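Single-structure report; data block below.
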Amino acid sequence: MLKDRSILLGITGSVAAYKAIELIKGLRQEGASIKVIMTEASKRFITPLSIELASGNSVYNDMFDSPLSHVSLSADADLFVVAPATANIIGKYANGIADDLLSTALLAFKGTIIMAPAMNWRMYENPVFQKNLQYLVSLGIKTVGPERGSLACGEEGIGRMADIEKIMEAVRTAFSKQDLAGENILVTAGPTREYIDPIRYISNRSSGKMGYAIAKIAKRRGADVTLISGPVSIKPPEGIEVINIETAGEMHAAVMDNVSMSSIFIMAAAVADFMPSETKGSKIDKKERLSLNLVKTVDILEEAGRFKNKPFIVGFAAETGQRLDRARRKLVDKDIDMIVFNDVSKAGSGFDVDTNEVVIIDRKVDRRLPLMYKDDVAMVLFDRIKELKDNGR
Ligand code: PMT
């Protein structure tokens with residue numbers, strides 16, 4: 001996504017400055033070229049040599065090394081990122097102060113700016129700082145974080161610089177088409193757990209990776225996203241409303257509460273098809289044999305498919321083997337718009353892997369895709385949904 005993009009990175013004097021190395025490496029790995037301006041204070045936290053080696057470019061610091069560098073650096077960049085961004089640089093930029101190379105280059109820049117604030121929680125909550133920050137946000141400056149956690153001073157509070165992956169995602173979003181703006185997208189992800197007793201349950205191998213990739217790409221392309229998630233160990237992307245559930249019954253209730261507000265509903269979760277007919281209130285004793293009586297869970301997709309004013313609905317079909325006919329039958333029986341077939345018995349496809357090999361089946365055509373990262377599957381999926389929606393469905 002970032003191939004041939006030119007990013008100007010400002011590093012300011014925060015203990016989080018060392019994390020800039022990881023950010024630079026991540027951005028370069030995705031194809032961007034990085035030029036860095038360091039403030040004097042940032043050089044107390046990380047050496048320009050380390051940054052030079054990570055970025056593969058000379059580091060800029062002194063306004064007078066080359067008198068017009070603030071103008072040329074800004075003119076050459078597609079995006080300006082300041083990470084970490086201290087209260088000082090945010091205050092200076094909000095008030096039009098240009099007294100070093102970074103603040104001057106910021107004023108000379110005309111494109112998108114992303115700032116990742118990092119500071120002590122008292123500074124962050126200070127109304128003077130908040131006024132400056134809100135002013136920048138009102139001008140369209142994008143901010144990522146900060147997060148709550150233990151701070152360099154040993155205190156707990158808000159002020160930690162956002163995770164590097166979140167800053168990377170903000171960069172990808174800045175370069176992404178915003179063709180899903182205005183869409184309200186409801187996505188389900190992960191497994192459900194059907195309890196036998198308070199400590200034992202029936203579940204499946206879903207990691208949530210497919211559903212989370214769909215939610216992330218939808219957000220990146222400008223949609224408002226609600227994610228209903230079973231128990232997984234993935235962090236949700238920034239800016240997404242997450243509803244955590246455990247059982248099929250809870251997922252059903254959460255979908256029913258939200259589906260009528262959505263314009264697109266994508267059911268990537270692996271909902272248990274069966275649940276114990278009763279859940280014991282206390283731990284079942286160990287015995288030679290235990291028989292479980294299972295009953296069917298409610299079919300959420302089928303119920304949503306019966307709605308009168310339904311959104312564009314996408315289901316997933318987890319099949320073992322190339323049983324496309326079964327997937328097609330699900331599309332018709334559940335009366336939905338699209339079903340994504342995946343052969344979960346194939347290596348690298350389906351459950352708990354980063355990749356998937358799918359066939360996107362809609363009412364018109366089948367589209368067989370090669371083995372791809374789940375992010376890329378989500379990209380193609382939305383391209384097809386957009387195409388169909390733009391043509392009347
Ligand atoms: O989470 P990952 O590790 O990334 O794995 C991704 C995945 C394999 C879970 C995903 O790609 C996938 O295939 N999800 C659907 C799994 C599934 O339940 O398939 P199914 O063929 O049994 O069900 C068909 C559709 O009905 C699915 O959209 C399912 O969410 C839905 N369903 C199923 C049961 C039920 N009670 N209610 C439902 O709505």
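As the structure lists them, so they are numbered: ligands from 1, and atoms in each ligand from 1. Keep in mind that what you see is a predicted model, and the values were worked out from it rather than measured.
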request  = Could you check atom 37 (N) of ligand 1 against the protein and tell me its nearest heavy-atom contact, residue, atom and distance included?
outcome  = Ile300 N, 3.2 Å
query = Which ligand 1 atoms are under 4.0 Å away from a heavy-atom of Asp352?
reply = 2 (P), 3 (O)
ask   = How far is atom 21 (O) of ligand 1 from its nearest protein heavy atom, and which residue and atom name does that atom have?
value = Lys330 NZ, 2.6 Å
task = For ligand 1, find out whether one of its N or O atoms is nearer than 3.5 Å to an N or O atom of Gly208.
result = yes
ask   = Does at least one non-hydrogen atom of Lys374 fall below 4.0 angstrom from an atom of ligand 1?
value = yes
Top protein contact for atom 19 (O) of ligand 1, by heavy-atom distance = Ala318 N, 3.4 Å
Contact check: Met267 vs ligand 1, nitrogen or oxygen atoms, below 3.5 angstrom = yes
request  = Below 4.0 angstrom from a heavy atom of Thr297, which ligand 1 atoms are there? Numbered from 1 as shown, please.
outcome  = 36 (N)
inquiry  = What protein heavy atom lies closest to atom 26 (O) of ligand 1? Include the residue and the distance to one decimal.
reply    = Lys334 NZ, 3.4 Å
inquiry  = Between Phe45 and Tyr18 (judged by ring centroids, cut-off 6.0 Å), do the two rings come close enough to count as a pair?
reply    = no
key: Lys209: numbered ligand 1 atoms lying under 4.0 Å from its heavy atoms   = 1 (O), 2 (P), 4 (O)
Distance-only donor-acceptor check, side chains Tyr201 and Thr247, under 3.5 Å = no
inquiry  = Any nitrogen or oxygen of Glu319 lying under 3.5 Å from a nitrogen or oxygen in ligand 1? Just yes or no.
reply    = no
query = Looking at ligand 1, does Gly350 have a heavy atom less than 4.0 Å from it?
reply = yes
request  = Tell me which protein heavy atom sits closest to atom 14 (N) of ligand 1, plus the residue, atom name and distance to 0.1 Å.
outcome  = Ala268 O, 3.0 Å
ask   = Of all the atoms in ligand 1, which lie at a distance below 4.0 Å from a heavy atom belonging to Val298?
value = 35 (C), 36 (N), 37 (N)
message = For atom 24 (C) of ligand 1, what's the nearest protein heavy-atom neighbour? Residue, atom name and distance, please.
response = Phe316 O, 2.9 Å
ask   = Has ligand 1 got any nitrogen or oxygen that is less than 3.5 angstrom from a nitrogen or oxygen of Gly190?
value = no
task = Heavy-atom contacts with Asn342 under 4.0 Å: which atoms of ligand 1 show up? List them by number with element.
result = 8 (C), 10 (C), 11 (O), 12 (C), 13 (O)
note = atom 22 (O) of ligand 1 sits nearest the protein heavy atom Asp273 OD2, 4.1 Å
key: Protein heavy-atom partner closest to atom 1 (O) of ligand 1 - residue, atom, separation in Å   = Ser206 OG, 2.6 Å
ask   = Is a side-chain donor or acceptor of Glu125 paired with a backbone partner of Met123 at a separation under 3.5 angstrom?
value = no
task = State which residues pass side chain to side chain donor-acceptor pair (under 3.5 Å) with Glu183; sequence neighbours excluded, sorted by chain then number.
result = Ser263, Lys389
ask   = Does Ala269 reach ligand 1 with a nitrogen or oxygen that is under 3.5 Å from one of the ligand's nitrogen or oxygen atoms?
value = yes
ask   = Only one of Thr86, Thr104, Asp99 clears side-chain hydrogen bond (donor to acceptor under 3.5 Å, both in side chains) with Lys92; which?
value = Asp99
